[in-house]
Amino acid sequence: MGVLRILVTGGAGYIGTHTLVEVLAAGHEAHVIDNLGNSRPAALARVRQLTNRGFGFTRADLRDQEAVAALVAGFRPEAVIHFAGLKAVGESVADPLGYFDNNVAGTLSLLRALRESACRRFVFSSSATVYGDPDYLPIDEDHPRRVANPYGRTKLQVEEILGDLARADPSWSIALLRYFNPVGAHPSGRIGEDPVGIPNNLMPFITQVATGRRAALNVFGTDYDTPDGTGVRDYIHVTDLARAHLAAVDWTVVDWTVVDGGDGAGRGCAAFNLGTGRGTSVLEMARAFEEVSGREIPLVRAPRRRGDVASCYADPGKALRELGWRAELGLAEMCASSWHWQSGNPEGYPEDEL
Ligand code: NAD
Ligand code: WQD
């Protein structure tokens, strides 16, 4: 394994910052492009403090073709990790065009710039949402793909674009990483998930109940066909997820002796599930959090949330076989690190910290 110049799109976001920490710790050189539409400069400043390493930053939108082309020409990335995207399911239903424009057109702009460069290594943030309501569990990568909302469709479309690209030009190595439910934070408590407004996702909602910012957790559905009637998901610690990106970048390199000039024959396009393989219910998660934090999480029974499935968890075997990666951290670490981050930063990142 060697060292690469890695372009990280959306590197100021939740998963991006945690991955950046691992990328820099592994000795790689990094450059972030982010429009800061859903993130703050403080997040990047804290990555610098945590790693004691520098990296470049361009504040620009991926759809700004000129800015992206100039960045690619100047930085000459040898691999790209592409996080930049909008991710709120409900918002995507209300504003499908905004989602296709940002997520699909943004990716096309990036790919056009890369086509003019030597870089043919690409790691994409996809999602288990591409499996829809599962036919069987655990879900492997051959499970049929179907989506229930525009957000999911943007992921599916980008996966298909990348598949076509690899078929047209065999020098590409493209990893489609299908994340299950990322939670947790860096053990330092300095970086973490910082949602705007009322959190859509379970863990940030629980941590805000624990700080007193919200009164109780609404449990969306208590009559599912699951052991305790509440929804079951495959929660994965963001640090494990971050490390999976490093493993995926390594996988994209066919020959470390010619990293800069490209590999000639690439690996094509392949999908990998990133999860633990273990399902956890809403009630189990709330209890695990109470145990670790010592805070009570009051629960309120609420109706099922539209579009939710009963159970969803991964067969992560392919990532182990082909990337040599597996999740190491469990529920206790997920809850403890989320709580460490939220209790130290009850309002998230400060507006003015640089
Ligand atoms: P995030 O919102 O914290 O990070 C995304 C970053 O991309 C933000 O900093 C945002 O400002 C930036 N961005 C968005 N559109 C951009 C554009 N057009 N140009 C430049 N920058 C742009 O989200 P996250 O949770 O870190 O997710 C990262 C990626 O992983 C996303 O693509 C998301 O769809 C995917 N994903 C997330 C989850 C999850 O539960 N968090 C699950 C599966 C997949
Ligand atoms: C988990 C469980 C809820 C909040 C979403 C996206 C998916 C992916 C990850 C990006 C479910 C229950 C939640 C609350 C609750 N993102 N819940 N009370 O829905 O599995 O996945 O994020 O790709 O596309 O759909 O995650 O954290 O929202 O919910 O009871 O206040 O917690 O019903 O069973 P989900 P989640």
Side-chain angles (χ1 to χ4, degrees), residues 8-19 32-41 43-44 58-64 67-68 81-90 92 98-99 101-107 109-110 124-132 147-149 151-152 154-155 158 177-183 192-196 198-206 208-209 214 216-222 224 226 230-236 238 241-242 245 274-275 279-283 285-286 299-313:
V8 183
T9 80
Y14 170 45
I15 304 170
T17 44
H18 289 83
T19 302
V32 170
I33 177 169
D34 199 301
N35 63 10
L36 301 183
N38 197 37
S39 48
R40 296 194 190 283
L44 290 175
T58 300
R59 181 175 183 171
D61 194 289
L62 273 188
R63 290 164 293 180
D64 181 343
V68 177
I81 309 180
H82 178 34
F83 294 106
L86 300 175
K87 60 166 183 178
V89 172
S92 81
Y99 267 66
D101 195 34
N102 194 84
N103 292 5
V104 182
T107 303
S109 165
L110 173 63
F124 174 58
S125 295
S126 190
S127 169
T129 197
V130 301
Y131 298 122
V147 290
N149 55 66
Y151 165 70
T154 67
K155 292 295 174 194
V158 170
L177 302 184
R178 296 183 182 147
Y179 313 157
F180 279 65
N181 288 60
V183 296
E193 189 171 10
D194 184 17
V196 178
I198 301 172
N200 295 312
N201 297 113
L202 179 64
M203 184 62 99
F205 204 101
I206 289 179
Q208 292 193 8
V209 172
R214 319 223 168 255
L217 173 67
N218 297 305
V219 180
F220 296 145
T222 50
Y224 282 111
T226 59
T230 67
V232 167
R233 297 290 183 275
D234 188 340
Y235 298 94
I236 172 167
V238 68
L241 195 59
H245 289 76
L274 299 181
T280 300
S281 74
V282 176
L283 295 186
M285 185 57 104
L299 304 177
V300 173
R301 282 164 176 271
R304 291 183 179 192
R305 188 171 62 177
R306 247 184 92 203
D308 272 358
V309 304
S311 297
C312 173
Y313 51 92

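Since we're looking at a predicted model, the values are computed, not measured. For ligands, and for the atoms within them, numbers begin at 1 and follow the listed sequence.
Which parts of ligand 2 touch Val219 is read off a 4.0 Å heavy-atom cut-off, strictly below it: atoms 30 (O).
In this structure, the protein non-hydrogen atom closest to atom 10 (C) of ligand 1 is Asp34 OD1, 3.5 Å. Protein heavy atom at the shortest distance from atom 18 (N) of ligand 2 is Asn218 O, 2.7 Å. Atom 29 (C) of ligand 1 has Phe83 O, 3.2 Å as its closest protein atom, hydrogens excluded (heavy atom only). The protein heavy atom nearest to atom 24 (O) of ligand 2 is Thr129 CB, 3.5 Å. Shortest contact from atom 19 (O) of ligand 2 to any protein heavy atom: Arg305 NH2, 2.8 Å. Among protein heavy atoms, the minimum distance from atom 21 (N) of ligand 1 is reached at Asn35 N, 3.1 Å. Looking only at protein heavy atoms, the nearest one to atom 43 (C) of ligand 1 is Tyr179 CD1, 3.5 Å. Nearest protein neighbour of atom 1 (C) of ligand 2, counting heavy atoms only, is Tyr235 OH, 3.3 Å. Shortest contact from atom 3 (C) of ligand 2 to any protein heavy atom: Asp308 OD2, 3.5 Å. Looking only at heavy atoms of the protein, atom 25 (O) of ligand 2 is closest to Val89 CG2, 3.6 Å. Counting only heavy atoms of the protein, atom 11 (C) of ligand 2 lies nearest to Arg233 NH2, 3.7 Å. Residue, atom and distance of the protein heavy atom nearest to atom 8 (C) of ligand 2 are Ser127 OG, 4.2 Å.
Below 3.5 Å of separation, one finds an N or O of Leu62 facing an N or O of ligand 1. Note: an N/O pair closer than 3.5 Å links Gly37 and ligand 1 by distance alone. For Tyr14, a nitrogen or oxygen atom sits less than 3.5 Å from a nitrogen or oxygen atom of ligand 1, counting backbone and side chain alike. Taking any N or O of Leu202, backbone or side chain, at least one lies under 3.5 Å from an N or O belonging to ligand 2. Among the atoms of Phe220, some N or O lies under 3.5 angstrom from an N or O of ligand 2. Residue Ile15 has at least one nitrogen or oxygen atom sitting less than 3.5 Å from a nitrogen or oxygen atom of ligand 1, judged on distance alone.
Side-chain atoms of His82 and Ser125 include no donor-acceptor pair closer than 3.5 Å. A donor-acceptor contact under 3.5 angstrom links the side chains of Thr222 and Arg301, judged on distance only. Residues Asn102 and Arg63 bring a donor and an acceptor atom of their side chains to less than 3.5 Å of each other.
Distance check: Asn181 CG to Leu202 CG gives 8.5 Å after rounding to the nearest 0.5 Å. Interatomic distance, NZ of Lys87 versus NZ of Lys155, reported as 10.0 Å (0.5 Å rounding). Rounded to the nearest 0.5 Å, atoms CD1 (Ile81) and CG (Leu177) are 9.0 Å apart. Taking CG of Leu110 as the start and CD1 of Ile33 as the end, the distance is 8.0 Å to the nearest 0.5 Å. Note: Thr17 OG1 to Arg40 CZ = 13.5 Å, rounded to the nearest 0.5 Å. Of the inter-residue distances, the one linking Tyr313 atom OH with Phe180 atom CZ reads 11.0 Å to the nearest 0.5 angstrom.
Remark: among candidates Val282, Thr154, Asn181, Asn200, the nearest residue to atom 12 (C) of ligand 2 is Val282, based on non-hydrogen atoms. If you check each of Ser125, Ser126, Pro204 against atom 44 (C) of ligand 1, the one with the closest non-hydrogen atom is Ser126. The residue from Phe205, Tyr151, Tyr179 that puts a heavy atom closest to atom 16 (N) of ligand 2 is Tyr151. Residue nearest to atom 1 (P) of ligand 1, selected from Val238, Asn38, Ile33: Asn38 (by heavy-atom distance). Proximity annotation for atom 23 (O) of ligand 1: of Arg40, Lys87, Arg178, Arg63, Lys87 comes nearest, heavy atoms only. Proximity annotation for atom 5 (C) of ligand 1: of Gly152, Gly85, Gly16, Gly85 comes nearest, heavy atoms only.
Neither the backbone nor the side chain of Tyr224 comes within 4.0 Å of ligand 2, counting heavy atoms alone. By the criterion of a heavy-atom distance under 4.0 Å, the side chain of Leu217, and not its backbone, is placed next to ligand 2. By the criterion of a heavy-atom distance under 4.0 Å, neither the backbone nor the side chain of Ala128 is placed next to ligand 1. Counting heavy atoms closer than 4.0 Å to ligand 1, residue Lys155 contributes side-chain atoms (C-beta onward) but none from N, CA, C or O. With a 4.0 Å heavy-atom cut-off, ligand 2 is reached by the backbone of Asn201 and by its side chain too. Contacts with ligand 1 closer than 4.0 Å are made by backbone heavy atoms (N, CA, C, O) of Leu36 only, the side chain lying farther away.
Between the side chain of Thr9 and the main chain of Ala84, a donor-acceptor pair closer than 3.5 Å is present. Under the 3.5 Å distance criterion, the side-chain polar atoms of Ser92 are matched with a main-chain donor or acceptor of Tyr151.
In this structure, Ala60 has a heavy atom closer than 4.0 Å to ligand 1. Contact annotation: Lys87 has no heavy atom less than 4.0 Å from any atom of ligand 2. Under a 4.0 Å heavy-atom criterion, Gly106 is not in contact with ligand 1.
Taking all atoms of both residues into account, the shortest heavy-atom contact from Ser39 to Asp34 is OG-OD1, 3.4 Å. Nearest heavy atoms, Val282 versus Thr230: N-OG1, 3.2 Å. Of all heavy-atom pairs spanning Asn200 and Ala88, the tightest one is ND2-CB, 4.2 Å.
By the 4.5 Å heavy-atom criterion applied to side chains, Ile206 and Met285 are counted as neighbours. Looking at His18 and Leu241, their side chains never come closer than 4.5 Å, going by heavy atoms from C-beta outward. Leu299 has its side chain out of reach of Asn218: every pair of non-hydrogen atoms, C-beta onward, lies at least 4.5 Å apart.
The local environment of CZ in Arg306 is sparse, with at most 12 non-hydrogen atoms from other residues, nucleotides or ligands closer than 6.0 Å.
The aromatic rings of Tyr179 and Phe83 sit tilted, their planes meeting at an angle between 30° and 60°.
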